[in-house]
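Numbers for residues simply follow the sequence, beginning at 1.
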Amino acid sequence: MCGIIGLVSRAPVNQALYDGLLVLQHRGQDAAGIVTCHDGRMFMRKAPGLVRDVFHTRHMLRLKGDMGIGHVRYPTAGTTSSAEAQPFYVNSPFGIALAHNGNLTNAEALKRDLFLEDRRHINTDSDSEVLLNVLAHELHATGKLRLEPKDIFTAVAGVHRRCRGAYAVVAMITDLGVLAFRDPHGIRPLVYGRRETSAGTEYMVASESVALSALGFELVRDVAPGEAVFIHKSGEIFTQVCAEETELCPCIFEHVYFARPDSFMEGISIYNSRVNMGEFLARKIQRVFPDHDIDVVIPIPESSLTSALQLADTLGIAYRAGFVKNRYIGRTFIMPGQTQRRKSVRQKLNAIDVEFQGKNVLLVDDSIVRGTTSQQIIQMARDAGARKVYFASAAPPIRYPNVYGIDMPAASELIAHGRDEDEVCRAIGADWLVYQDLDDLVEAVRRGNPGVERFETSVFDGRYVTGDITADYLQHLEDQRNDEAKQRRRAEAENEVIEIHNNL
């Protein structure tokens, strides 16, 4: 999961892009990058780290221009390689920079085709570089020296024909404008907005609407599945659906975990979705545990706060903040290695003993992925004096790997994979466990927009909407994502950094 942003302005965009990436920082803490364009030249700064650490005054001064794109990276390979920081750039044709959120499920086949047929070399393991080169080839294939919007849309149609999987893309063509487009299923989010200034209308695209509102832009709408939006440097905007077949299937896990609660996706408030999740989960508890002896509801910060509060209110039970969170520790389920994850959980959360002592507590989390975090938190609650520890997940059991841009663990490392709910309950050490039902989760989100007929829910039900996921592909993911493979890649990256340092 990554965050992308693009802006065509009437004034320098460096500060606005920086501010927008800060708002999207929750979508990726591994690396950050910005590319701007001025007088036919592109200026780039990208590096591993948080936005505040990557960009210093000297970098900002060099990022000249009235249009640009930016990216915050989530480590889909489990490493912090500077080579895979985005945006990526190719000089032919025209000079194109691109940033991408998602995952191409046919990246390896595309990489072969790019070399054998298009004579293009891919320098990293990133599918974003593959996607950039596909776009570059399709733009070159138009045969135009001066591109018009219809030529750009023809190229995007070619990208849709060749690429499979999930992708929300923002690209910049040197001295021409900013292009954004979304995969034909609309799996990964993308919105655009406008801002009126004394100098004219400005346009911005971003992964989440909160980035628009934070910079004073009015949300126009979501980019439709298969649609491309081109913003000319003059300020004109052009849109066209470029895919032959489209079906809106947005990722429901955005509502569970990733998106900020103050964002809207497909017209649906993320905050309201999480309120509804809490209500539905409370109704289930009333059905399956009517004689419960829960004394207090305690959320596990932060994505579960909204759901937990509504759950407590619906049940008529006290709600307490029983954990203090250190906000400077990254998300644990994407961290490489079990030892690092265990250490991180203890650093990230600390229990307030008085809220647990002698009580039957219901801990509420947004989801359970590996289960190691849940297990440790349950033990923390017992150590703080809880008499019984119940556990509630606002999402259904996660039993299948994600193939559309969320670097969840290998299937064998998902605690609910191959286990029923009682077995998961025993594995995490809870006295009782309740999961949200999938139908209730879908309804909780759909309440905000009944027009969304289908959501991408593959991590819960194993149904992959693109229809191209095979057993061989899932085994390939298993081999890439298990802890051993991630530790190996991390060691290789660290050795690379040491070697570079020694050669300086």
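Salt-bridge formation is not detected for the pair Glu129/Lys111: no Lys NZ or Arg NE/NH1/NH2 atom is positioned less than 4.0 Å from an Asp or Glu carboxylate oxygen. By the 4.0 Å N-to-carboxylate-O rule, Lys233 lies too far from Asp66 to be salt-bridged with it. Salt bridge Lys144/Asp151: present, at least one basic N to carboxylate O contact under 4.0 Å.
Residue Asn326 holds its CG atom at 8.0 Å from CD of Gln347, rounded to the nearest 0.5 Å.
Residue Val459 comes nearest to Met408 through the heavy atom pair CG1-SD, 3.8 Å, listed as atom of the first residue, atom of the second, then distance.
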- Item | Audit row: Val191, Leu219, side chain to side chain contact (heavy atoms under 4.5 Å, CB included) steps and yes/no | CA-CA 7 Å; Val191 297; Leu219 173 65; 3.7 Å; yes

- Message: The test is side chain to side chain donor-acceptor pair (under 3.5 Å); show your working for His26 and Glu302 and say whether it passes.
- Response: CA-CA 12 Å; His26 62 286; Glu302 281 185 315; over 6 Å; no

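Remark: the backbone N or O of His137 is not paired with any side-chain donor or acceptor of Asp118 at under 3.5 angstrom. Asn103 places a side-chain N or O within donor-acceptor distance of the main-chain N or O of Val403, the cut-off being under 3.5 Å. Not one N or O on the side chain of Ser128 forms a donor-acceptor pair closer than 3.5 Å with the backbone of Ala99. Side-chain atoms of Arg260 do not come within 3.5 Å of backbone N or O of Ala211 as any donor-acceptor pair. Side-chain atoms of Asn106 come within 3.5 Å of backbone atoms of Arg164 as a donor-acceptor pair (strictly under, hydrogens ignored).
Ring planes of Phe253 and Phe460: tilted class, angle from 30 to 60°.
Between Tyr203 and His232, a ring centre-to-centre spacing not shorter than 6.0 Å is recorded. Checked against the 6.0 Å centroid threshold, His59 and His56 count as a close aromatic pair. Taking the six-membered ring for Trp and the full ring otherwise, the centers of Tyr74 and Phe258 sit less than 6.0 Å from each other.
For Arg454, the salt bridge (Lys or Arg N to Asp or Glu O under 4.0 Å) partners are Glu247, not counting sequence neighbours.
The local environment of OH in Tyr271 is sparse, with at most 12 non-hydrogen atoms from other residues, nucleotides or ligands closer than 6.0 Å. Under a cut-off of 6.0 angstrom, the local environment of CZ in Arg52 is sparse, with at most 12 non-hydrogen atoms contributed by other residues, nucleotides or ligands. In the displayed structure, Arg10 atom CZ is contacted under 6.0 Å by more than 12 heavy atoms of other residues, nucleotides or ligands. No more than 12 heavy atoms of other residues, nucleotides or ligands sit less than 6.0 Å from atom CG of Asp125.
Considering His185, His100, His160, Arg182 in turn, His160 is the only one that fulfils the side chain to side chain donor-acceptor pair (under 3.5 Å) rule with Tyr167.
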